[in-house]
Amino acid sequence: MMQERKGIGASPGIAIGPVYLHSSTLPDIVPRRVERPDEEVESLTRAETVVRERLEGLQALHGEGSEEAEVIGAHLLLLEDPEFTGEIRSLIQGESLCAEAATVRVTEESAGMLEALEDEYLAARAADVRDVGTQLLRAVLRLPLDTWDNLSAPSVLVASDFFPSETATIPPGMALGLCTEEGSPTSHIAVFARGMGLPAVVGVDLPPLEPGTLLAFDGETGTVYIDPSPEVVDRLRGQQEEQRRSREGAAERAHEPAVTLDGVRIEVAANIGAEEDAVRAVELGAEGVGLFRTEFLFLDRTRPISEEEQYEAYRTVLETFGDQLVVVRTLDVGGDKQVPGIEIGEELNPFLGLRGIRLTLARPEMMQAQLRALLRAGSAGRLAIMAPMVAGRAELMAFRAALEEAERSLVADGLSFSTDYQVGIMIEVPSAALVASRLAPHIDFFSIGTNDLTQYTLAVDRTNREVADLADPFDPGVLRLIAETASAGKAHQSWVGVCGAMAGDPLAVPVLIGLGVTELSVAIPAVPAIKDKVRSLSLEECRRVAARCLEAADAREARELLSGM
Ligand code: PEP
Ligand code: MG
């Protein structure tokens, strides 16, 4: 009998195949006191070497710049972390505890501490700690590190959760899709699956499954079918085939411009988080960068990145894109994003607290280092600098003043820099959208961050799974703010883009273009498909449907109006 379950779509695509049940359970560890702690330390050191060599091998396999390689890089750093492996050593020596028990205890305590902070980013770090801890434990126990020995045919891989090092070692061609009981759309598993182009669904409440049971799911809607009927299999196979064809077509045209049927050019740019992303973005046809999330440069290190290191990173990206515009966003932390070395006090409502431009204005040295690095790198390409979370005119003017200050200090230091750059702000706070016409004379562009704009307009915490369903950017309240921003931009000859996740949703493309948006900045793998979507539309019809969406009663009605386009 077919059963249907609802999970959260984490990576698009249809998966159909036999279930492979994966479990990463380990033997129970009995803590032992040892006579010779030095031997245990030696065993730990040996295990570290085994894990390090394996991780380095995996990193090379995935190639520099891939998201997998980045995760593995973070794991390598953890292996060197005095607060992690150093702590295991101290425990062995201090308490004469055996290496395996010390590894388990420190792993559990460190991961538990991160999880207790109830922050999605830190929860992902906790998963990293558990992953590395488990690999170390396996190595200490001299167990094989590869856990896929029994996977002999292409299957849908099902687990309570997967460690990143496990997904990274799946034998090529063996995974038809990934399905987990835990996890959220922002967890590693989602990032990995999207990077590998594998369908994935997370957070599924599964009944007990027999290995080999037929399982199918849609990684977009999150619907899972256990033992699907022949009709459902046929329908899903049809969809799978259609998706394959349209992906191939879009990939072939990835380097052609995105022009509507009535001849209007829409720029399709990429969102990037590291200099290594730039090459892949160019390969997939991105016409510049619409959002460089520089906070990623500040992660995985114990102190803020220096001006010099930032300069190198920005220069690399600008050079890669040549004469295409690269929009670099100044550091956007606070809220759900924390960065080592940048202390933000305890806040009751971090999303309404010291975040984005507010934080950098409060820490002028940090802001100046970043702006100086950007201006110095500016002559390597076409630079645009953008401030996040601007709520109104005062912050915009303070941002402009900080730019002038950076220019002055560079002159004083006798350093060369570019004065030919664009200045823009993100529209993520409803007040900024509402007064966009007063802000537009002072900027070259607006880039709408629909993720935050939706959260602040609808008062829905974007990281809270309980209310995630309510955070719908198609809500006419959000659409009206986008319309307001687009018309203010147009009136002042400032271009208007969207860099929130909505820009990468094909359903949203007609309404965004119809409201007057001329640039869409999307996740790198989405570039070809979004370009193709633009090519299938005329601006005229987009304007008509956008006007109707603004009058819709709710997000569902707006989605229905767009569904046939
Ligand atoms: C947004 O809020 O839409 C956005 C693009 O910024 P981030 O997701 O980095 O907060
Ligand atoms: Mg944002």
Side-chain angles (χ1 to χ4, degrees), residues 67 119-121 124 184-187 190-191 194 268-274 277 281 286 288-299 326-339 342 344 349-360 370 384-391 395 399 424-433 436 445-464 468 471-475 477-479 481-482 485-486 496-505 508 512 515 517 519-524 526-527 530:
E67 288 185 82
D119 171 293
E120 235 180 289
Y121 169 72
S184 73
T186 50
S187 54
V191 172
R194 284 196 291 260
V268 180
N271 292 351
I272 67 168
D277 293 341
V289 171
L291 168 64
F292 183 173
R293 288 183 164 103
T294 57
E295 51 275 14
F296 286 101
L297 300 179
F298 289 70
L299 298 175
V326 173
V327 180
V328 184
R329 175 171 79 182
T330 60
L331 184 66
D332 183 21
V333 293
D336 64 327
K337 288 182 259 184
Q338 303 297 327
V339 161
I342 303 178
I344 302 170
N349 288 303
F351 274 117
L352 305 181
L354 200 55
R355 65 166 302 217
I357 187 76
R358 301 171 188 176
L359 176 69
T360 41
Q370 183 165 37
I385 306 181
M386 168 163 85
M389 280 289 296
V390 171
E395 281 165 350
F399 178 58
I425 59 170
M426 290 198 66
I427 297 288
E428 315 185 84
V429 182
S431 56
F445 66 95
F446 291 128
S447 183
I448 304 172
T450 45
N451 310 337
D452 276 312
L453 187 61
T454 304
Q455 110 161 324
Y456 291 126
T457 305
L458 302 177
V460 177
D461 179 344
R462 63 191 266 193
T463 64
N464 182 341
D472 193 329
F474 290 82
D475 187 283
V478 179
L479 297 180
L481 293 174
I482 297 174
T485 308
V496 178
V498 174
C499 63
M502 187 182 197
D505 180 350
L512 295 177
L515 292 176
V517 167
E519 183 246 25
L520 299 168
S521 189
V522 306
I524 299 169
V527 168
I530 292 300

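Values reported hereafter were calculated over all heavy atoms of this structure, with side chains retained and with hydrogens, waters and symmetry mates removed. Both ligands and their constituent atoms are indexed starting at 1 by order of listing. This is a predicted model, so every value here is computed, not measured.
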### Query
Is ligand 1 less than 4.0 angstrom away from at least one heavy atom of M502?
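It does not; every heavy atom stays at 4.0 Å or beyond.
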
So, taking the atom named [atom1] in [X] and the one named [atom2] in [Y], what distance separates them when rounded to the nearest 0.5 Å?
X    : Y    : atom1 : atom2 : answer
T457 : E428 : OG1   : CD    : 11.0 Å
I448 : T454 : CD1   : OG1   : 10.5 Å
M426 : M386 : CE    : CE    : 4.5 Å

### Task
Determine which of the N, O or S atoms in D452 is closest to the Mg ion (ligand 2) and give its atom name.
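Nearest N/O/S atom of D452: OD2.
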
### Query
What part of L291 sits under 4.0 Å from ligand 1 if we count only heavy atoms: the side chain, the backbone, both or neither?
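The side chain, only.
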
### Task
Return the set of residues passing side-chain contact (heavy atoms from CB on, under 4.5 Å) with A274 (not counting sequence neighbours), or none when no residue passes.
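Checked A274 against side-chain contact (heavy atoms from CB on, under 4.5 Å); matches are E70, E276, D277.
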
### Task
Compare every heavy atom of L354 with every heavy atom of I344, then report the nearest pair and how far apart it is.
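Looks like CD1-O, 4.0 Å.
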
### Query
So is there a nitrogen or oxygen of E295 less than 3.5 Å from a nitrogen or oxygen in ligand 1?
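E295 vs ligand 1: no N/O contact under 3.5 Å.
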
### Query
Counting from 1, what ligand 1 atoms have a heavy atom of D452 closer than 4.0 Å?
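Selected atoms, number and element: 1 (C), 2 (O), 3 (O), 10 (O).
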
### Query
To which protein heavy atom is atom 6 (O) of ligand 1 closest, and what is the distance rounded to 0.1 Å?
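Among all protein heavy atoms, the one nearest atom 6 (O) of ligand 1 is R329 NH1, 3.0 Å.
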
### Message
Which residue and atom name correspond to the protein heavy atom nearest atom 2 (O) of ligand 1, and how close is it?
### Response
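Scanning the protein heavy atoms, the shortest distance from atom 2 (O) of ligand 1 goes to E428 OE1, 2.8 Å.
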
### Task
Flag the pair F399 / I357 as yes when at least one side-chain heavy-atom distance between them is below 4.5 Å, and no otherwise.
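Side-chain contact under 4.5 Å: yes.
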
### Message
The criterion is side-chain hydrogen bond (donor to acceptor under 3.5 Å, both in side chains); which residues satisfy it with D452, sequence neighbours excluded?
### Response
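So D452 forms a side-chain hydrogen bond (donor to acceptor under 3.5 Å, both in side chains) with R355, Q455, R462.
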
### Task
Counting heavy atoms only, name the option from R355, Q455, R293 that's nearest to atom 5 (C) of ligand 1.
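The nearest heavy atom belongs to R293.
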
### Message
Quick check on the Mg ion (ligand 2): does E428 put an N/O/S atom closer than 2.8 Å to it?
### Response
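Coordinating: yes.
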
